[in-house]
Amino acid sequence: MLKRWGILIIAPFLLSSCGLFNKDGIYNITFDSSVPDEQKELLTQDLEVIESLNFSGVSSDDLDKIDLPELSSNSLGNFLKERIRYIVGESYDADTKRTIVSSSYNYNPSVFASFSSPFDRIVTVMTNTGSSVYLAGKKSNVLYSLDVADENILINTTRVGIIKIGEGLFSSTKLKSSSSSSLARRLLRLSTLFHEARHSDGNGSNAGFPHTKCTYGDFAGYYACESNTNGPYNLEAMLLRHFYRACSNCNETELSAIQLAASDAASRLVYGAVKRNSQPEFVR
Amino acid sequence: MKFKIIATLAFLFGLALWSFRPADTKPVLREQQKSPLALANELIPELMGKKDTSSMVGVNTAEVLRENEKAQFRNYLETSYVRLPTLQAISLSKNGDLHRVPPEVLESSEVFGYIAEKLKSNPNLTRDALSFYNACAANEQLITSIRAVCARNLIDWAKKAQIDISQVHIPEKILQIVVVLPERN
Ligand SMILES: [Zn+2]
């Protein structure tokens, strides 16, 4: 009798470890049905790669820019876990999935930055849907919720963690003679995911770590620059710097692609960039 | 008076001759269209692409093959150089999403990858590659991220071949990116 009770108690734990009761995927990230199967499969495998990455020679300056106490597969996994909860596909339309919870909501975020910034003229350019909807609501004093993956999510923080991916994520990292499942292309996609994850951070005038308008350089006039040393572009550049070293058995073209992507991200940093408080703001 | 008339006539004749000059069919070459190997660099004479013929006595087959490979490599560098993405290319980019790395930038990884493979198999090609990287890093018409990768390669391959490039000037805005980029092992 005791044996039967024992089996009954242990069974759910065993089943959940097999994934049968586990609704969420790796790092508890849930994929919305709008994500095509092949993209979901590739991205799930990309996330699994994080666990196998080894890092060495990480300086304190690098960590400062990454804004993490250490660079390890564990810390990177936790970073994503806290900032990405849902991934939606290109066909996901936030406008039709949006419900107004309160039409005259007084945004009084629990966390607000206490400094003024010369980079306050901001327009967000991102595919971090959760953060974008939160900022849109904050701007118009409307509190929203979003239907995603059969759930209704209250959009009360930049950390809501709903990331939209599209075909561009897979096509823009195309390299001749390098398949989409190669380690180099996985690392390039992951760097984009970490960039978007950083858009889940920040508070006050820097909520969502938005990009600033480039006043000079290659992208002058576009909101494609970085005024924070710990913002999405610089985080991406620093990670790619270490992904390059972790890209074992990658060929020279693949390594060059990682170097070029790091160079592009680093080139977005404007003069006078400063480190900003990355704590996310939330309401309610 | 006579002198004035003669001088005026001479001037008009000269003007007529000038107006009938043959049309200049040679377009003005943009900096990028010049061969990167032709750019004189007094600071590093070895980078001027001059062939050292002093030791070419008793040419053998292996040497001919080496020279052929060198010629092909130089040709590759020249044709690749003019295809490196320019600032104009990003503004015309069909992608249009300037939030992400322009596709033209990632596509040029083929060029950097090919050069690196060649240098690993034949270090004698290093000087030509350095000349390419030097010209690219200095070229203001190219995308900044490309210039920074060229500068990174210039520094790393020169160090590997123990060639002194301390006199080469790399602009400050490029150097700020170079320090972030991973070095070659
Ligand atoms: Zn961004």
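So you know, we letter chains A, B, ... as the sequences are listed, proteins then strands, and number each from 1.
- In terms of non-hydrogen atom pairs under 4.5 Å with chain B, the most contact-rich of A:G217, A:C225, A:S267, A:A265 is A:S267.
- For a residue to count as touching a neighbouring chain, one of its non-hydrogen atoms must lie under 4.5 Å from one of that chain's; by this rule B:R184 touches chain A with backbone and side chain alike.
- Contact tally against chain A (heavy-atom pairs below 4.5 Å) for B:N153, B:I174, B:V149, B:V178: the top residue is B:V149.
- Summarising the local packing, NZ of B:K120 is surrounded by more than 12 heavy atoms from other residues, nucleotides or ligands at distances under 6.0 Å.
- More than 12 heavy atoms of other shown residues, nucleotides or ligands fall within 6.0 angstrom of atom CD in B:Q176.
- At a 4.5 Å heavy-atom cutoff, A:S178 makes no contact with chain B through either its backbone or its side chain.
- A donor-acceptor contact shorter than 3.5 Å is absent between the side chain of B:S145 and the backbone of A:S263.
- In this structure a side-chain-to-backbone donor-acceptor pair under 3.5 Å is present from A:Q259 to B:P182.
- At least one donor-acceptor pair closer than 3.5 Å links the side chain of A:D218 to the backbone N or O of B:T144.
- In this structure, CG on A:D264 lies 8.0 Å from CG on B:L106, to the nearest 0.5 angstrom.
- No other option in B:K173, B:E183, B:E107, B:E117 has as many heavy-atom pairs under 4.5 Å with chain A as B:E117.
- The environment of B:N68 atom CG is dense: over 12 non-hydrogen atoms of other residues, nucleotides or ligands sit within 6.0 angstrom.
- Counting only residues at least two apart or on different chains, the salt bridge (Lys or Arg N to Asp or Glu O under 4.0 Å) pairs with a member in residues 219-238 of chain A are A:E236-B:R100.
- Here the shortest heavy-atom pairing between B:S109 and A:T253 reads CB-O, 3.5 Å.
- Residue A:F243 does not touch chain B at all, counting heavy-atom pairs closer than 4.5 Å.
- Partners of A:D67 according to the side chain to side chain donor-acceptor pair (under 3.5 Å) rule, which considers only residues two or more places apart in sequence or in another chain, are A:N230, A:S278.
- Minimum interatomic distance between B:G113 and A:E252 (heavy atoms only, all atoms of both residues): O-CB, 3.6 Å.
- Ring pair B:H99/A:H199 is tilted by interplanar angle, where 30° to 60° counts as tilted.
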